[in-house]
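A short write-up of the structure that comes next.
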Amino acid sequence: MNRFPELGRVLPTSDLAGTAVSRPGRGREGAVVAAAFVICLLGGTVRVEDALTAPPLAAYLLALVSAAVLPARHRRPLAVLAATTAAGLAAQPLGLVLSPLVIAPALVAAYACTLHVPGERRAAGAVTLAGVALLAGSVPLAGDLSWQDASRIGSVPAAPLVAGLVGHAARTRRAYLAAVEERARRAEESRELEARRRVAEERVRIARELHDLVAHQITLANAQATVAAHFVDSRPEQTRVSLRELVETTGQALDELRATVGLLRQTGDTDTGVTEGPAPGLARLPDLLESFRRAGLEVTLREEGRARPLPPGVDLTAYRIVQEALTNVTKHASGRGTRVGLDWGGGRLSVTVTDDGGAPTGPPALSDRPPGYGLLGLRERATAVGGDLTAGPREEGGFLLTAHLPVPPVRDTATAEEGRTGHANDGTEGTA
């Protein structure tokens with residue numbers, strides 16, 4: 001039974017029979033053939049009475065024929081085994097003693113047969129058949145059967161079987177080493193693919209972080225500059241206020257960009273001196289809404305249900321969804337009125353951002369800007385925490401973004417209230 005069932009899947013049988021098995025060099029091939037010829041010739045010197053004489057012409061002929069076919073044993077192992085076995089069976093009719101020395105070429109052929117013949121059962125059957133034939137041919141043609149004859153009768157068929165077992169062991173070892181090399185090669189390819197996948201994921205994560213942390217600040221700065229340009233002649237005081245807010249917004253954008261790049265440059269235990277602050281969450285939502293109001297966007301907040309503490313990842317995702325949605329409204333919407341809704345019912349947090357699609361009430365919107373990757377990044381964020389996000393135009397006009405995020409169950413009211421500390425309600429339509 002095959003001790004390595006996976007070898008047949010890694011290496012085809014045909015490969016094991018020839019291509020995948022390394023062939024000996026010419027020098028080694030010549031040494032094997034010469035050794036088989038010499039051993040077979042020495043076997044011709046043995047006589048029945050255990051005397052040694054010079055090898056007769058029949059011994060030279062038998063050794064030459066047997067050794068001459070051995071170079072073809074890699075391509076035609078069964079034919080070579082049959083030829084060397086037939087040559088061994090001709091020893092007694094030629095007046096030679098049939099012994100393991102005389103059938104030395106047949107032993108080499110039996111080894112090659114188990115090493116190269118496709119299918120272990122087929123190779124074992126061929127070697128066994130050769131052993132049975134040699135057993136029948138080793139019986140003396142005339143005279144009584146002596147103890148010496150009995151020992152030769154036992155050793156002659158056993159010799160090719162032993163050679164076959166050695167060949168099977170070599171075949172199994174070569175197949176095992178080939179399988180190990182194949183697994184190592186596949187593992188290396190898998191590591192390379194995994195490394196490429198991680199690099200791609202890291203690039204997407206960095207792009208998403210930079211977009212979420214900086215893009216909304218740039219959009220606010222653009223909107224504030226638009227306000228300043230719109231009122232530069234009619235309302236100089238408003239222009240000065242917008243310019244001051246513009247300076248503040250660009251400064252915050254530079255600080256966030258510097259902190260983000262500093263964190264991304266950290267490798268291992270390397271400390272760049274940049275200290276990461278707490279990740280933003282819904283507790284900073286009032287400040288976020290106020291920054292958009294200063295940019296001219298009419299935004300209101302409405303909460304329904306009982307608020308509860310959120311895991312950091314979900315809290316950050318909810319904040320980024322509102323941030324990016326309001327940024328998109330500032331860049332693309334034709335109307336300036338926007339409603340943000342937080343619904344804590346149904347065992348999940350539903351975040352909605354609705355643009356009314358009405359006529360602009362302030363300076364022109366940045367609707368001529370091409371679309372970016374904001375919605376794609378938000379969907380990736382929502383999916384990463386186990387939620388989902390949909391966005392599209394409304395039938396009555398405007399645009400609606402809805403995200404459903406998982407929230408843990410509330411253990412007690414005190415814990416829930418503690419998790420919502422810092423959520424101000426100034427400027428909202430209603431708070432539950």
Side-chain angles (χ1 to χ4, degrees), residues 13-24 26 28-44 46 55-141 152-172 174:
T13 306
S14 59
D15 290 344
L16 291 176
T19 304
V21 179
S22 60
R23 302 285 180 83
R26 292 184 177 181
R28 181 181 174 186
E29 181 72 18
V32 170
V33 174
F37 174 81
V38 172
I39 294 174
C40 181
L41 188 62
L42 290 177
V46 180
L57 180 60
Y60 280 99
L61 180 61
L62 181 63
L64 180 61
V65 172
S66 300
V69 298
L70 287 181
R73 69 187 184 278
H74 303 295
R75 301 185 302 273
R76 299 288 187 270
L78 291 177
V80 173
L81 178 61
T84 54
T85 302
L89 293 176
Q92 287 201 81
L94 293 175
L96 303 175
V97 177
L98 184 57
S99 65
L101 296 178
V102 172
I103 61 171
L107 302 186
V108 176
Y111 173 86
C113 183
T114 56
L115 195 62
H116 298 287
V117 170
E120 294 182 1
R121 292 184 179 181
R122 186 181 179 188
V127 173
T128 303
L129 183 61
V132 172
L134 291 173
L135 175 62
S138 62
V139 178
L141 300 178
R152 281 195 295 268
I153 291 174
S155 62
V156 168
L161 297 179
V162 172
L165 291 177
V166 175
H168 175 73
R171 174 184 182 137
T172 302
R174 291 183 181 184

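Just so it is clear, the structure is predicted and the values come from calculations on it, not from any experiment.
Under a 3.5 Å cut-off, the side chain of Arg75 and the backbone N or O of Ala72 do not form any donor-acceptor pair. The main-chain N or O of Val117 is never found under 3.5 Å from a side-chain atom of Arg122 such that the two would form a donor-acceptor pair.
For the pair Val33/Phe37, no side-chain contact is recorded, criterion being any heavy-atom separation below 4.5 Å from C-beta on. Within the 4.5 Å cutoff, the side chain of Val156 has no heavy atoms near those of the Leu135 side chain. Annotation: side chain of Pro56 is not in contact with side chain of Leu94 (no heavy-atom distance under 4.5 Å). The closest side-chain heavy-atom distance from Leu70 to Thr84 is below 4.5 Å. The closest side-chain heavy-atom distance from Thr85 to Leu134 is below 4.5 Å. At least one side-chain heavy atom of Thr128 sits less than 4.5 Å from a side-chain heavy atom of Leu161. When side chains are defined from C-beta on, Cys113 counts as touching Leu78, because their heavy atoms get closer than 4.5 Å. Between Arg73 and Val32 the shortest side-chain heavy-atom distance falls below 4.5 Å.
Residues Pro71 and Ala67 come closest through the heavy atom pair CD-O, 3.6 Å. A pairwise comparison of heavy atoms in Ala159 and Pro100 identifies CB-CB, 4.3 Å as the closest pair. When all heavy atoms of Ala110 and Pro160 are compared, the pair lying nearest together is CB-O, 3.8 Å. Considering all non-hydrogen atoms of both residues, Ala63 and Cys40 come closest at CA-SG, 3.6 Å. Minimum heavy-atom separation, Ala91 to Leu62: CB-CD2, 4.1 Å.
The CZ atom of Arg171 sits 11.5 Å away from atom OH of Tyr111, with the distance rounded to the nearest 0.5 Å. The CD1 atom of Ile39 lies 11.5 Å from the CD1 atom of Ile103; values are rounded to the nearest 0.5 Å. From Leu41, atom CG reaches atom CG of Leu64 across 10.0 Å, with rounding to the nearest 0.5 Å.
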